[in-house]
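The structure appears below as structure tokens.
Please read all numbers here as calculations on a predicted model, not as lab measurements. Protein chains get the first letters and strands the later ones, always in sequence-line order, with residue 1 at the start of each.
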Amino acid sequence: MAEGKKTISNKYNPLAAQPLYGFTPRKVTGAQVRKALQHDLNPFTKPLTPHTAQYKRLLASREKLPVYRKMDDFFTVFSENQIILIVGETGSGKTTQIPQFVAYSDLAHSNGKMIACTQPRRVAAMSVAKRVAEEMDVQLGRQVGYSIRFEDMTESGITFLKYMTDGMLLREAMNDPDLQRYSTIILDEAHERTLATDILMGLLKALAKRRADLKIIIMSATVDAVKFQKYFSLRSDTKAPLFKVPGRTHPVEIFYTQDPEPDYVEAAIRTVLMIHRAEDPGDILLFLTGEEEIEDACRKIKLEADDLINQDPSSVGPIVCIPLYSSLPPMQQQRIFDPAPAARGPDYPPGRKVVVSTNIAETSLTIDGVVYVVDPGFSEQKVYNPRIRVESLLVSPISKASAQQRAGRAGRTRPGKCFRLYTEKDFMSQLEEQTYPEILRSNLSNTVLELVKLGIKDLVRFDYVDAPAFETLMRALELLNFLKALDDDGNLTPLGSMMAEFPLDPQLAELLIVSPEFKCSNEILTITAMLSVPNIWVRPANQRSQADAAKALFTVPDGDHLTLLNVYNQYMQNKFDKNWTWSNYVSGRALAQAENVRAQLQRNMERFELELMSISDEKKLYQSIRQALVCGFFMQVAHREGEEGSYLTVKDNQVVALHPSCGLDTQPEWVLFNEFVLTTRPYIRTVSEVRPEWLLEFAPSYFDLSTFQDGETKRALQKVMNKKMGKSVTAADKRPITKAKKKSKAKKQAEQEDHGRAMHSSAHSSDVPSAYNLQNMTTTFSQISI
DNA sequence: GAGCACTGC
């Protein structure tokens, strides 16, 4: 019957045959859109092309998504409000469908605007864009595209739906604070609270008041949407509407232990084996905190499981145990998708796959076929101590939201079970609702520079969803002021403006920008790239001495920065040799990344007409490089004093030691370092020797001696200063060394205690490791909820 | 004589 009607109207009004006939932007209804979706012609192509068979097939499966059934409600809420919040659990289809719904409402394809949908991860932006392009029956990179670092898969004037990383949208905002290109901006996965998403929420809230035509959608998986709802209420009497979409996953039974577990690794291994013996077929996912713990657990599980088979081959099936963490080579990461091992014969029990993973399996990677999840309740999390400006990793209890996410991993293909290795009481009373947002756990010097560049004058009173500690902001402002990125009134300097354009920490940006003055910008470019990628050194547990020997061949004794330069240059010279990285114990993946980053930074330098230069004399070149390093890293200098092998950081007065990976052949009096890491003790990592005269010459305001506390560092600098001015050292400056030693020891203790207090404490207090003994231990689980 | 949760520009 519709056919007949269409034919009639066609005759009199050819426009009525168009799929979007009668659509008024932002006054579109669900009924209109459903009709357009069923239409034979694709409205987003020019000229209109017929839909393919694949489109129709995909549409049929889209129609089954929970979010599809909420289409009418969505268009009502979207039409009536500027900002809306969408809460949808996994499987709701919100990430793929909501942006498409918006496309039908905004009609951005016909008005030159775009719809943006942000993702915290690059792979997600890419894969979702690919899927949506298929669903919309267009070529990826044309009407539907994505934009991530190193890859812009969009076409100017054609792309109207763009998936992108949150960091990418933030970058765009720096050059276009009103984000004029967009008609609607969707922030997806907002519950993850990445630094970029948090800043974008603050910017968009302010932008909504300036741009009445801009619509904003915040999408989140969990109930903290209520917090966002409050935050995004533009007037105090009205809340931003909350739009809920049910998920589509299988039920997961949750079990808790009856008593707290003193040793979570041991308990986890025991639980995996218990599942293997007693539960139906299905793969197991175990969450642990780090590489070493994971490799260790894999060995033990395999050993115990093999024991079980040897004792009685008919009782359990074979087991395969696969470690998973980010620094694993991609080939080995692929192993998680291997099928479980087969049964030993027709009458034997089936095999089982066990994946032992870090948090990477919580959000970034999905393993289908997992039926059992073992969750000890911990993960390694970043914490920041602004007082000593140190970020470090600490094993901490996860949040309830995180525990829920982990449990959900058991219900992807069929009903599953989740074993939590903590009591229900601890879950209810000890775990935080949400993971602490990143903005509260990070050094913000980069973010503060971005905000200032974005025109935010008053950083303390900026409308954050969660405001960072005052001291964290002060520390960032102080650093930027010393780097001359901000003047004394907190205004952005031309240098600061340029620094903000580089995708680097401010120290590295400064270093790169000044490098032409030292005639070594080619080399600094390489070093900067090498310092912005993950660790390049590969050191397998069973080949440590070979790896160390290989590393020694690259080592430049003047400093680790020069060693990095050396590795990169040799890597480039040996690119024809496929085995080179492998046989030299360096990470090919990290080096390839460095190459990529270097090219991007080089383009930035060319844009600012920063000259690329080198010095041919190696000795002079190496000295120039170390001098240039001072310009970026003068706040990260340490002086050798106190006990044997110990250094004191300048002004922050932290007792530190050279990291064992450091390649310096002596212990120079003055060193500059890239990182302060707090592991078994405080270390400085990636270290180069510097001369005190350089400190006084290239960073005079930071090394203004009147700002120093009395002590060995100040006296040593004073000596250099006096020499420079042609004066001799006075007797009053000399003090016995023993006294300084004592002071430094007491100080060290006090500061370590202080640092401990700054970290958050563990909810599982009884964290005393006990001997690993499978036979004598049993776990009792109580079933709580379905 | 050590480690590297994860992501992003």
Side-chain angles (χ1 to χ4, degrees), chain A residues 118-125 147-152 164-175 189 192-200 287-296 323-328 357-365 378-383 391-396 398 402 435-439 441-442 446-447 449-450 453 499-506 508-509 529 532-541 544-545 547-548 551 587 590 593 596-597 600-601 603-604 645 657-663 675 677-685:
Chain A
T118 68
Q119 296 292 318
R121 282 166 294 278
R122 294 210 288 250
V123 271
S147 178
I148 59 177
R149 188 181 187 180
F150 306 125
E151 201 182 357
D152 182 12
M164 64 205 301
T165 47
D166 48 10
M168 206 68 196
L169 185 60
L170 195 53
R171 286 260 137 201
E172 284 189 8
M174 288 197 329
N175 291 312
E189 314 285 5
E192 287 194 30
R193 303 295 304 275
T194 65
L195 209 52
T197 295
D198 260 35
I199 299 299
L200 282 169
F287 286 101
L288 288 178
T289 61
E291 174 177 344
E292 203 178 294
E293 202 176 83
I294 286 168
E295 294 287 357
D296 197 44
L324 178 64
Y325 42 88
S326 74
S327 60
L328 217 52
S357 172
T358 61
N359 257 2
I360 194 169
E362 199 180 296
T363 47
S364 308
L365 278 168
F378 291 97
S379 70
E380 219 160 36
Q381 287 163 30
K382 188 171 70 185
V383 283
E391 278 181 352
S392 50
L393 290 168
L394 192 75
V395 173
S396 318
I398 61 170
S402 194
T435 308
Y436 238 46
E438 206 184 354
I439 196 169
R441 299 186 283 121
S442 307
N446 216 341
T447 306
L449 181 60
E450 278 165 9
K453 173 92 178 179
M499 281 165 67
E501 297 278 337
F502 284 87
L504 292 170
D505 280 343
L508 287 170
S532 10
V533 300
N535 185 15
I536 58 146
W537 306 107
V538 175
R539 202 166 181 257
R544 289 197 176 162
S545 54
D548 290 350
K551 187 177 175 185
S587 160
Q593 217 176 319
N596 235 336
V597 173
Q600 189 191 27
L601 295 175
R603 283 194 297 274
N604 274 323
L658 300 182
H659 194 271
S661 67
C662 174
E675 278 186 293
V677 291
L678 195 93
T679 51
T680 49
R681 53 178 294 196
Y683 284 114
I684 49 177
R685 193 159 57 189

Q) Are the side chains of Pro660(A) and Tyr683(A) in touch, meaning some heavy atoms are under 4.5 Å apart? A) yes
Q: Just compare dT7(B), dC4(B), dA2(B) and give me whichever is closest to any side-chain atom of Glu380(A).
A: dC4(B)
Q. Does a salt bridge link Glu189(A) with Arg121(A), judged by any charged N lying under 4.0 Å from a carboxylate O?
A. no
**Q.** Within-4.5 Å side-chain heavy-atom neighbours: Ile439(A) and Ile199(A)
**A.** yes
Q. Taking for each residue the nucleotide of DNA chain B with the nearest heavy atom, is it Val538(A) or Arg121(A) whose nucleotide lies nearer the 5' end?
A. Val538(A)
Q) Do Asn604(A) and Pro503(A) have side-chain heavy atoms sitting under 4.5 Å apart? A) yes
Q) Does Thr165(A) make a side-chain N or O approach to OP1 or OP2 of dC9(B) shorter than 4.0 Å? A) yes
Q) What nucleotide, of dC9(B), dG1(B), dA5(B), holds the atom closest to the side chain of Arg122(A)? A) dC9(B)
Q: Take the protein atom CG of Leu200(A) and the nucleotide atom C1' of dC9(B), then report the distance between them rounded to whole Å.
A: 12 Å
Q: Could you work out which one of dT7(B), dC4(B), dA2(B) sits closest to the side chain of Asn535(A)?
A: dC4(B)
Q.
In this structure, how many angstroms lie between the P atom of dG8(B) and the CD atom of Glu192(A), rounded?
A. 11 Å
Q) Across the strands shown, which category fits Thr680(A) at heavy-atom distances under 4.0 angstrom: base, sugar-phosphate, nothing? A) sugar-phosphate
Q.
Counting the atoms with a prime plus P, OP1 and OP2 as sugar-phosphate, which does Phe502(A) contact under 4.0 Å by heavy atoms, base, sugar-phosphate, or nothing?
A. nothing
Q: May I ask you to say what Arg193(A) touches in the nucleic acid, namely base, sugar-phosphate or nothing, with a heavy-atom cut-off under 4.0 Å?
A: nothing
Q | Length of the line joining Ile398(A):CD1 and dA5(B):P, which is rounded to integer Å | A | 16 Å
**Q.** Closest to the Asp548(A) side chain, choosing from dC6(B), dA2(B), dC9(B)
**A.** dA2(B)
Q: Look at the side-chain N and O atoms of Tyr683(A) and state whether any lies under 4.0 Å from the OP1 or OP2 oxygen of dA2(B).
A: yes
Q) Expressed in angstrom and rounded to an integer, what is the separation of Arg539(A) atom CZ from dA2(B) atom C1'? A) 7 Å
Q: Measure from CD on Glu675(A) to P on dA2(B) and round the result to the nearest Å.
A: 17 Å
Q: Identify which nucleotide among dC6(B), dC9(B), dG8(B) has an atom closest to any side-chain atom of Ile148(A), counting heavy atoms from C-beta outward.
A: dC9(B)
(Q) Does Leu195(A) reach a base, just sugar-phosphate, or nothing at all? Heavy atoms under 4.0 Å. (A) nothing
Q) Given atom CH2 of Trp537(A) and atom P of dG1(B), what is their separation to the nearest angstrom? A) 21 Å
Q.
What contact category does Asn359(A) fall into here, base, sugar-phosphate, or nothing, at under 4.0 angstrom with non-hydrogen atoms?
A. nothing
**Q.** side-chain N/O Thr289(A) vs dA5(B) OP1/OP2, d < 4.0 Å
**A.** no
(Q) Checking contacts here: which listed nucleotide (dG8(B), dT7(B), dC4(B)) is nearest the side-chain heavy atoms of Ser327(A)? (A) dC4(B)
Q: Give a yes/no on whether any side-chain N or O of Arg685(A) is located under 4.0 angstrom from OP1 or OP2 of dC4(B).
A: yes
Q) Among all residues two or more places apart in sequence or in another chain, which pass the salt bridge (Lys or Arg N to Asp or Glu O under 4.0 Å) test with Glu151(A)? A) none
Q. So, is Thr358(A) near the phosphate of dC6(B), with a side-chain N or O under 4.0 Å from OP1 or OP2?
A. yes
Q) Between dG8(B), dA5(B), dA2(B), which nucleotide has the shortest distance from any of its atoms to the side chain of Ser326(A)? A) dA5(B)
Q) Which part of the nucleic acid does Arg171(A) contact within heavy-atom distance under 4.0 Å: base, sugar-phosphate only, or nothing? A) base
Q | Beyond-backbone contact of Glu450(A) with Arg171(A), side-chain heavy atoms, under 4.5 angstrom | A | yes
Q. Rounding to a whole Å, what distance do you find between Glu391(A):CD and dC6(B):P?
A. 15 Å
Q. Please give, in whole Å, the distance from dC9(B) P to Leu508(A) CG?
A. 17 Å
Q | salt bridge (Lys or Arg N to Asp or Glu O under 4.0 Å) partners for Asp296(A), two or more places apart | A | Arg299(A), Lys300(A)
